[in-house]
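Okay, so here's the structure we're looking at.
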Amino acid sequence: MRKVKLPLLFLLLICLFGFSPNEDQYEPIFMFRADMESAVKLEGARILENPGKIYVKDNYLFIVEKYMGVHIIDNVNPEEPDKLGFIHIDGCVDIAVKGNILYADNAVDLLAIKFSDSFTTIEVTSRNRNVFPEFLSPDGSGLTWRQEQARPNNAVLVRWKENWQ
């Protein structure tokens with residue numbers, strides 16, 4: 001049997017443990033539930049930065065800004081779409097529209113948001129709490145034990161931030 005030299009064994013250990021994935025590659029972003037619920041509001045139009053799902057209804061486009069909310073765009077003239085506004089909804093990744101009701105996830109909650117015909121006002125008409133599972137990190141893992149222990153009481157995971165190390 002051949003003996004493994006100590007430097008070769010040391011190099012192998014460095015490769016196995018030194019380059020293993022960092023469990024803190026992604027940092028969870030929490031919000032207190034009361035803050036998350038009160039943050040749903042209509043704001044001015046903003047630039048698309050991290051678009052997700054798109055929902056088309058009549059001449060309007062509803063475009064999810066991943067984990068942040070929903071852009072409302074009048075697309076009656078596709079050559080010059082008119083950005084009407086942005087509905088801030090932390091933890092939003094999915095939407096549906098029926099009539100003048102926008103259904104959206106607010107992290108783990110399901111919202112029904114009534115909007116006016118001109119998109120100048122919105123009203124949260126219902127909230128079903130804790131109907132969706134908590135977000136996994138982009139690499140597919142959940143919270144580590146340490147991250148779960150650091151979660152403030154009555155806080156909801158609304159998105160993940162990548163740690164650049």
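What you see below is based on every heavy atom in this structure, not just the backbone, and it leaves out hydrogens, waters and symmetry mates.
Annotation: side chain of P152 is in contact with side chain of F32 (closest heavy-atom distance under 4.5 Å). T125 is not listed as a side-chain neighbour of I113, based on a closest heavy-atom distance of 4.5 Å or more. Contact annotation: the side chain of M68 approaches that of F86 to within less than 4.5 Å [non-hydrogen atoms, C-beta and beyond]. Between R129 and E37 there is a side-chain heavy-atom pair separated by less than 4.5 Å. Residues V158 and M31 are in side-chain contact: their nearest non-hydrogen atoms beyond the backbone lie under 4.5 Å apart. Looking at heavy atoms from C-beta onward, V93 lies out of side-chain contact with K53 at the 4.5 angstrom threshold. Using a 4.5 Å heavy-atom threshold, the side chains of L143 and P28 count as touching. Between D109 and V131 there is no side-chain heavy-atom pair separated by less than 4.5 Å.
The shortest heavy-atom contact between V97 and G99 is CG1-O, 3.8 Å. When every heavy atom of D90 is checked against every heavy atom of A39, the shortest pair comes out as OD2-CB, 3.7 Å. Heavy atoms only, all atoms of each residue included: A107 and M36 are closest at CB-SD, 3.9 Å. Across K161 and I29, no two heavy atoms sit closer than the pair CB-CD1, 4.0 Å. The two residues K66 and G52 come nearest to each other via the heavy atoms CE-CA, 3.8 Å. Considering all non-hydrogen atoms of both residues, F135 and L157 come closest at O-CD2, 3.4 Å.
Both L42 and L84 belong to a common hydrophobic cluster when Ile, Leu, Val, Met, Phe, Trp and Tyr are linked at side-chain heavy-atom distances under 4.5 angstrom. Hydrophobic clustering of Ile, Leu, Val, Met, Phe, Trp and Tyr side chains at less than 4.5 Å, counting indirect connections, keeps Y55 apart from Y67. Residues L102 and I72 share a single hydrophobic cluster, defined by chaining ILVMFWY side chains whose heavy atoms lie under 4.5 Å apart. Note on V40: it clusters hydrophobically with V64, by side-chain heavy-atom contacts below 4.5 Å among ILVMFWY residues. Side-chain heavy atoms closer than 4.5 Å link hydrophobic residues (I, L, V, M, F, W, Y) into clusters, and following such links, even through other members, never connects L61 to V70.
The backbone N or O of Y26 sits nowhere less than 3.5 Å from a side-chain atom of S137 that would complete a donor-acceptor pair. For Q147 (side chain) and T144 (main-chain N/O), a donor-acceptor pair under 3.5 Å exists by modelled atom type.
Between F119 and Y60, the gap from one ring centroid to the other is short of 6.0 Å.
Here D105 contributes atom CG and D94 contributes atom CG; the two are 6.0 Å apart, rounded to the nearest 0.5 Å. Note that CH2 of W160 and CD of E27 are 9.5 Å apart. Values are rounded to the nearest 0.5 Å. In this structure, I122 CD1 and I101 CD1 are separated by 11.0 Å, a value rounded to the nearest 0.5 Å. How far CD1 of I54 is from CD1 of I95: 9.0 Å, rounded to the nearest 0.5 Å. Atom CD1 in I89 sits 12.0 Å away from atom CD in E65 (nearest 0.5 Å). The distance from the OG atom of S126 to the CG atom of L110 is 6.5 Å, given to the nearest 0.5 Å.
Heavy atoms of other residues, nucleotides or ligands lying less than 6.0 angstrom from CD of E43 number more than 12. Heavy atoms of other residues, nucleotides or ligands lying less than 6.0 angstrom from CG of N77 number more than 12.
In the model, R33 has a side-chain atom that pairs as donor or acceptor with a side-chain atom of N130 under 3.5 Å.
Under 4.0 Å is where a charged nitrogen must lie from a carboxylate oxygen, and between E134 and R151 at least one such pair does.
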request  = Before giving the answer on side-chain contact (heavy atoms from CB on, under 4.5 Å), spell out for H71 and F62 the whole-Å C-alpha distance, their side-chain angles and the decisive distance to 0.1 Å.
outcome  = CA-CA 6 Å; H71 298 271; F62 297 84; over 6 Å; no

